[in-house]
K.L.:
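For reference, the structure I am asking about is given below.
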Protein chains: 2
Amino acid sequence: MDISVLHNSILFKGFDDTEISELMKALNAAEKKYNKGAMIFSSGEITDKLCFVTAGSVTVESNDMWGNRTILNLVGKGQFFAESYALLPDVPMLVDVCAAEDCTVVFLSMKSLADLNDTIRARLLANLLTITTRKNLHLSSRSFHTAPRQVRGRIMAYLNTISVQKHSREFDIPFDRQQLADYLNVERSVLSNELSKMQRDGLIRCRKNHFEII
Amino acid sequence: MDISVLHNSILFKGFDDTEISELMKALNAAEKKYNKGAMIFSSGEITDKLCFVTAGSVTVESNDMWGNRTILNLVGKGQFFAESYALLPDVPMLVDVCAAEDCTVVFLSMKSLADLNDTIRARLLANLLTITTRKNLHLSSRSFHTAPRQVRGRIMAYLNTISVQKHSREFDIPFDRQQLADYLNVERSVLSNELSKMQRDGLIRCRKNHFEII
DNA sequence: GAAAGTATGTTGTAATTACAACATTTCAGG
DNA sequence: CCTGAAATGTTGTAATTACAACATACTTTC
């Protein structure tokens, strides 16, 4: 198991190596590998597992019965997912989680939180609060990216956010075209088309997932 | 100050009256009234205040420079808002918060959390975790409501959620037409039009904010 | 209960998007 | 360096939406 990624995670911030090892045991840490495209959770499932990506990435998405996909979030190496469902173990998942590429996930049982001593649990809860709070901001930012009614507006909203995050007008995005389309809630072909127009209009330059705002 | 609403809130779950009074002091509880339409927070502001609605309701929204509004969430009596920004006090708000109707808000300083004794703080953090986690699910559900590409799909997705929540095919929604349009990210006139068509098609019946799914 | 103001419904047209079908490019194995 | 598979780009048409303008209904206030 890849310890270093977990040791640097928000969840274990402030814990030393010994404590982390004990916690991993107490929380029944289990690692599992998935191939690209594999489904990790399906809508309707119930889980108490806090999930941590130690390699690769997964998408949190909603798939309707006509095969339309909406990507709510892309969770990369070093990030958590399913924390809301893990902490509210009665609530069935509203989303699917899929491997966006070959990946490795560590599962931590939140049911076992109750067995921990108060001090440890309190520190862990404080860290969990940071995780959920940041996830809130992430979900909010998607709302801004999909708020503009037109495709160009959505693309610009998204690219702006990334540009600010990376402190640069030039950057890579974590999505391929289909994923970006599903994230922005537009047709892939319309997205491709609009990106071409934006390049012709001199707004951006892009090649694959590398973008430059002009 | 309306004590009873606060006493029944998630935040103070498990605390007795004396403890709550002390906490209110320790967290510098301050109450403020707003008229409908008043702005409570503006995008870009920084705050450490956890906000609680004791009367009326507020909308969490994003307003772009062309006057387009997107409603992310409607926060009613007994619910919290701004918790993410209160707990991550470096992050400037991405949203505006406005009074959806005349309302009363209680502000609690999260900066003051640090001064509490460990036991109390731990209990409070656990409750805060519930608040943020539920808020996560709320934000997710909006994503499902706006996921369908067409207006009718969005309306049905939204009405279905409310119907399930209220365990009934007949219910009131908390939005007027303009708010529902801004929540579903569609034009108000298109929404009105589609609701009419859906009634003609025998899918629903509605009058003002009272709906029935057939 | 009239008037003014607000909310909701209707309609037409211009603009945009969805969708399908196909062309081109890129990439991984053999 | 081929070949097939996957990803991306292009195009045309039908369907949908945005927007503006106006009609109607409902509320509030005097």
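All chains are named by letter (A, B, ...) in the order of the sequence lines, taking the proteins before the strands, and each is independently numbered beginning at 1. Remember, it's a predicted structure, so these values are computed and weren't measured experimentally.
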K.L.:
Reading nucleotides 18-29 of chain C from the 5' end, what letters show protein touch, with B for base, S for backbone sugar-phosphate only, - for no heavy atom under 4.0 Å?
P.N.:
BBB-----SS--

K.L.:
Round to the nearest Å and state the distance from B:Ile155 atom CD1 to D:dT16 atom C1'.
P.N.:
13 Å

K.L.:
Assess whether side-chain contact (heavy atoms from CB on, under 4.5 Å) is satisfied between B:Leu129 and A:Thr132, documenting all intermediate values.
P.N.:
CA-CA 8 Å; B:Leu129 192 55; A:Thr132 60; 3.8 Å; yes

K.L.:
Write down the distance between CD (B:Glu101) and C1' (D:dT27), rounded to a whole number of angstrom.
P.N.:
16 Å

K.L.:
Which nucleotide wins on minimum distance to the side chain of A:Arg177, given the candidates D:dA7, D:dG9, C:dT10?
P.N.:
D:dG9

K.L.:
Measure from the side chain of A:Asn193, starting at C-beta and using heavy atoms only, and say which of D:dT11, C:dT10, D:dT8 lies closest.
P.N.:
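It is D:dT11.
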
K.L.:
What heavy-atom pair brings B:Pro174 and B:Tyr158 nearest, and what distance separates the two atoms?
P.N.:
CD-OH, 3.5 Å

K.L.:
Contact class for B:Lys197 (heavy atom, under 4.0 Å): base, sugar-phosphate, or nothing?
P.N.:
nothing

K.L.:
Can we call the ring centroids of B:His7 and B:Phe12 under 6.0 Å apart?
P.N.:
no

K.L.:
Does one side chain, of B:Ser168 or B:Glu170, offer a donor that lies under 3.5 Å from an acceptor on the other?
P.N.:
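Looking only at side-chain atoms, B:Glu170 and B:Ser168 do not form any donor-acceptor pair under 3.5 Å.
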
K.L.:
Over how many whole Å does the gap from B:Asp176 atom CG to D:dC26 atom P extend?
P.N.:
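Checked: the CG to P distance equals 16 Å.
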
K.L.:
Nearest whole angstrom, please: distance from the P of C:dG9 to the CG of B:Leu195.
P.N.:
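Computing the B:Leu195:CG to C:dG9:P distance gives 7 Å.
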
K.L.:
Rounded to the Å, how far apart are B:Phe175 CZ and C:dA7 P?
P.N.:
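Whole-Å distance recorded here is 15 Å.
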
K.L.:
Check A:Arg169 with A:Glu212, please: is the shortest side-chain N to carboxylate O separation under 4.0 Å?
P.N.:
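A salt bridge is absent here (no side-chain N lies under 4.0 Å from a carboxylate O).
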
K.L.:
Let me know the distance between CG of A:Leu191 and P of C:dT17, rounded to the nearest Å.
P.N.:
11 Å

K.L.:
If I take atom CZ in residue B:Arg200 and atom C1' in nucleotide C:dT11, what distance separates them, rounded to the nearest angstrom?
P.N.:
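The distance from CZ of B:Arg200 to C1' of C:dT11 comes to 11 Å, rounded to the nearest Å.
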
K.L.:
Is it true that A:Phe81 and A:Phe52 have ring centroids separated by less than 6.0 Å?
P.N.:
no

K.L.:
Within the 4.0 Å heavy-atom criterion, would you say A:Ser196 contacts the bases, only the backbone, or no part of the nucleic acid?
P.N.:
sugar-phosphate

K.L.:
Can you tell me how far P of C:dT17 sits from CZ of A:Arg152, to the nearest Å?
P.N.:
10 Å

K.L.:
Taking the cut-offs as 6.0 angstrom to the six-membered ring centre and 45 degrees off its axis, would you call B:Arg205 and B:Phe211 a cation-pi pair?
P.N.:
no

